[in-house]
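Some notes on the structure that comes next.
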2 protein chains.
Amino acid sequence: MKENLEKLNRYIDLKGLRHSTSREQIAKVFFKTQDHITVEALLDEVRKINAKIGLATVYRTLNLLQECGLAMKRDFDTGTVTFEPYSDAHHDHLICTNCGEIIEFFSDDLEKLQDKIAKKYGFVLTDHKMELYGHCKNCS
Amino acid sequence: MKENLEKLNRYIDLKGLRHSTSREQIAKVFFKTQDHITVEALLDEVRKINAKIGLATVYRTLNLLQECGLAMKRDFDTGTVTFEPYSDAHHDHLICTNCGEIIEFFSDDLEKLQDKIAKKYGFVLTDHKMELYGHCKNCS
DNA sequence: ATAGATGATGAGAATCACTATCATTAATAG
DNA sequence: CTATTAATGATAGTGATTCTCATCATCTAT
């Protein structure tokens with residue numbers, strides 16, 4: 001949490017951007033969220049602290065956070081797009097297309113396999129997305 | 001190509017839908033495309049054959065094709081959403097976030113690993129998406 | 001600390017991708 | 001051939017996101 005803010009501030013300095021209070025307020029609220037949150041819900045939360053903040057700024061901040069690897073957009077085609085705080089602890093998702101349940105998982109083998117594939121094509125990886133769609137235990 | 005059309009027709013019969021000419025024209029043009037195509041571009045192509053076809057029908061057809069596993073939506077956050085014909089030969093993507101180059105790859109190990117992960121969580125997989133983001137050979 | 005330059009913001013318009021509506025057209029069962 | 005009803009095309013509507021622009025806030029050099 002504190003690390004996240006520090007990382008954001010380092011990125012802001014690196015890019016020669018300014019340190020604004022709105023941005024910091026949005027980032028703080030976002031880092032505190034546990035689950036996948038919609039932009040609308042994030043705006044609601046942020047407005048409890050600062051009622052004047054606008055939707056565009058929330059989007060701008062989320063874009064910035066994505067740029068520096070602190071946020072990840074999740075669009076599982078379930079009708080709602082969400083964002084989640086993103087740390088070094090990478091994880092992927094299993095999505096039940098029937099009931100909408102989302103399970104997060106981490107696989108070290110997967111991480112290794114990705115690096116192998118990337119190397120084969122001369123790519124330097126910055127990020128990845130892996131989404132497994134199917135039916136969960138209850139639905140199948 | 002012929003197989004794809006047959007598969008579509010089987011699905012149409014299965015669902016008790018009707019065999020319309022517009023739908024078939026759109027599907028045929030779509031199956032002929034090589035690359036990832038935008039909906040707008042597909043509409044342009046289709047209108048060379050039948051100028052009366054509307055955008056909504058293209059979307060409706062693409063949705064149907066997705067349902068029966070013959071089309072796949074690709075949204076790499078590059079600003080344009082595309083669709084591509086989808087056959088049993090599954091493949092995934094490497095995306096260069098700098099120049100936008102997209103490389104398709106297939107990994108048998110990856111397919112196997114997915115099944116293993118799914119099994120662990122009691123999921124029956126219907127589909128998956130794997131996107132590796134980074135910098136390609138030229139850009140890094 | 002102060003003033004000037006310019007980045008950031010908020011409000012709302014604009015855009016993009018897509019879906020819903022609805023009157024018309026066309027496919028299919030009988 | 002006719003009735004039924006799915007499919008279509010045009011367009012309005014929607015939701016998510018970006019753009020525009022006047023105003024405000026931050027930083028830099030004094």
Legend entry - Contact list for DNA chain C against residues 14-22 of chain A - heavy-atom distance below 4.0 Å: A/L17, A/R18, A/S20, A/S22
Inset, instruction - Considering non-hydrogen atoms only, spot the tightest contact between B/Y11 and B/L64 and give its length. - result: CE2-CD1, 3.8 Å
Inset, instruction - Only one of B/H93, B/R74, B/K73 passes side-chain hydrogen bond (donor to acceptor under 3.5 Å, both in side chains) with B/H36; say which it is. - result: B/H93
Inset, instruction - Would you kindly give the CG-to-P distance between B/D75 and C/dC16, to the nearest whole Å? - result: 15 Å
Inset, instruction - Check the distance between C/dT25's C1' and B/K52's NZ and give it to me in whole angstrom. - result: 10 Å
Legend entry - For A/R18 against A/I12, the heavy-atom pair lying closest together: O-CG2, 3.7 Å
Legend entry - Between CG on residue B/L8 and NE2 on residue B/H19, distance to nearest 0.5 Å: 8.5 Å
Inset, instruction - Determine, for A/K119 against A/D115, whether the closest basic-nitrogen to carboxylate-oxygen distance falls under 4.0 angstrom. - result: no
Inset, instruction - Take atom CD1 of A/I12 and atom C1' of D/dT26, then tell me their distance rounded to the nearest Å. - result: 12 Å
Inset, instruction - Assign each of B/A51 and B/R23 to its nearest nucleotide of DNA chain D by heavy atoms, then name whichever residue's nucleotide is nearer the 5' end. - result: B/R23
Legend entry - Residue pair B/A118 / B/L125: nearest heavy atoms and the distance that separates them: CB-CG, 3.4 Å
Legend entry - Nearest-Å distance for atom pair CG/P, residues B/D13 and D/dA6: 16 Å
Legend entry - Nucleotide C/dA27, atom P - distance to CD of B/E24 in whole Å: 11 Å
Inset, instruction - Please state how far atom CG in A/N50 lies from atom P in C/dA8, giving the value in whole angstrom units. - result: 17 Å
Legend entry - Residue-phosphate contact under 4.0 Å: A/K73 side-chain N/O, D/dA16 OP1/OP2: no
Inset, instruction - Let me know the distance between CG of A/L55 and C1' of D/dA16, rounded to the nearest Å. - result: 9 Å
Inset, instruction - Starting at atom CD of B/Q25, determine the distance to atom C1' of D/dG9, rounded to an integer number of angstrom. - result: 14 Å
Legend entry - Shortest non-hydrogen contact from A/C96 toward A/C136: SG-N, 3.4 Å
Legend entry - Over 12 non-hydrogen atoms of neighbours within 6.0 angstrom of CD in B/E3: no
Inset, instruction - Compare every heavy atom of B/A71 with every heavy atom of B/L62, then report the nearest pair and how far apart it is. - result: O-CB, 4.3 Å
Legend entry - Nucleic acid contacts of residues 57-72 of chain A, taken as heavy-atom distances under 4.0 Å to DNA chain C: A/T57, A/R60
